[in-house]
Amino acid sequence: KRANRPSASSAEDLTDNKLRHLYKTYITARRRCGEGTDLRYEDMAATLRKQVPKLMNNTGAKSVEFKVVIRSGKAVLKAVPKTEK
């Protein structure tokens, strides 16, 4: 499944295709957890694009990988800084 995780080395790297895949995965996970699914794609995309440069600056990472995890019964979008390209 690792290949399905979108990663980005810049905000521009987060293409629409990558983000739509992540959004679908996240909404599906939220639905399975019984959470609301009223998050707009545009809002999620804008937030993640803003986070990539900040995370890379703060962590010294070369890229950031995004994954959906279930934590305490809630769907969470997790950013994983990657140090190798």
Side-chain angles (χ1 to χ4, degrees):
K1 276 270 191 220
R2 234 179 107 69
N4 286 339
R5 290 186 187 157
S7 65
S9 54
S10 69
E12 294 76 36
D13 247 7
L14 279 178
T15 61
D16 229 31
N17 276 351
K18 288 181 183 179
L19 285 170
R20 288 209 180 272
H21 177 77
L22 186 63
Y23 178 77
K24 256 199 302 212
T25 305
Y26 183 54
I27 291 299
T28 300
R30 285 183 64 101
R31 198 172 287 128
R32 284 191 188 139
C33 292
E35 293 180 85
T37 55
D38 56 349
L39 173 69
R40 288 180 41 226
Y41 166 75
E42 293 77 14
D43 296 339
M44 185 195 89
T47 300
L48 293 183
R49 283 187 174 123
K50 257 188 254 164
Q51 282 182 347
V52 169
K54 283 183 192 167
L55 283 165
M56 289 174 62
N57 277 344
N58 294 346
T59 63
K62 299 235 185 316
S63 66
V64 178
E65 183 179 277
F66 292 97
K67 62 183 180 178
V68 177
V69 295
I70 307 296
R71 195 178 291 145
S72 307
K74 289 188 183 297
V76 179
L77 264 178
K78 185 172 181 184
V80 182
K82 298 286 177 184
T83 48
E84 77 286 343
K85 198 73 162 145

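Throughout, residue positions are numbered sequentially from 1 according to the sequence presented.
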Derivation of the side-chain contact (heavy atoms from CB on, under 4.5 Å) call for V52 and F66:
CA-CA 10 Å; V52 169; F66 292 97; 3.9 Å; yes
### Chi angles and distances behind the side-chain contact (heavy atoms from CB on, under 4.5 Å) call for C33, K74
CA-CA 6 Å; C33 292; K74 289 188 183 297; 5.8 Å; no
Subject >> Trace of the side-chain contact (heavy atoms from CB on, under 4.5 Å) decision for Y23 with L39 >> reply: CA-CA 9 Å; Y23 178 77; L39 173 69; 4.3 Å; yes
**Asked** Can you check side-chain contact (heavy atoms from CB on, under 4.5 Å) on L77 and V68, steps first, answer last?
**Response** CA-CA 5 Å; L77 264 178; V68 177; 3.8 Å; yes
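Closest of all the heavy-atom pairs between L19 and M44 is O-CE, 3.6 Å. Closest approach of I70 to A75, counting heavy atoms only: CD1-CA, 4.0 Å. The two residues K78 and V69 come nearest to each other via the heavy atoms CB-CG2, 4.2 Å. Looking at every heavy atom in both residues, S9 comes nearest to M56 through O-CE, 3.1 Å. The two residues K18 and D13 come nearest to each other via the heavy atoms NZ-O, 3.2 Å. The minimum heavy-atom distance between R30 and G36, with the atom names listed, is NE-O, 2.6 Å.
To the nearest 0.5 angstrom, L22 atom CG is 12.5 Å from N17 atom CG. Between the OG1 atom in T59 and the NZ atom in K82 there is a gap of 11.5 Å [rounded to 0.5 Å].
Under the 4.5 Å side-chain heavy-atom criterion for ILVMFWY residues, no single connected hydrophobic cluster contains both L14 and V80.
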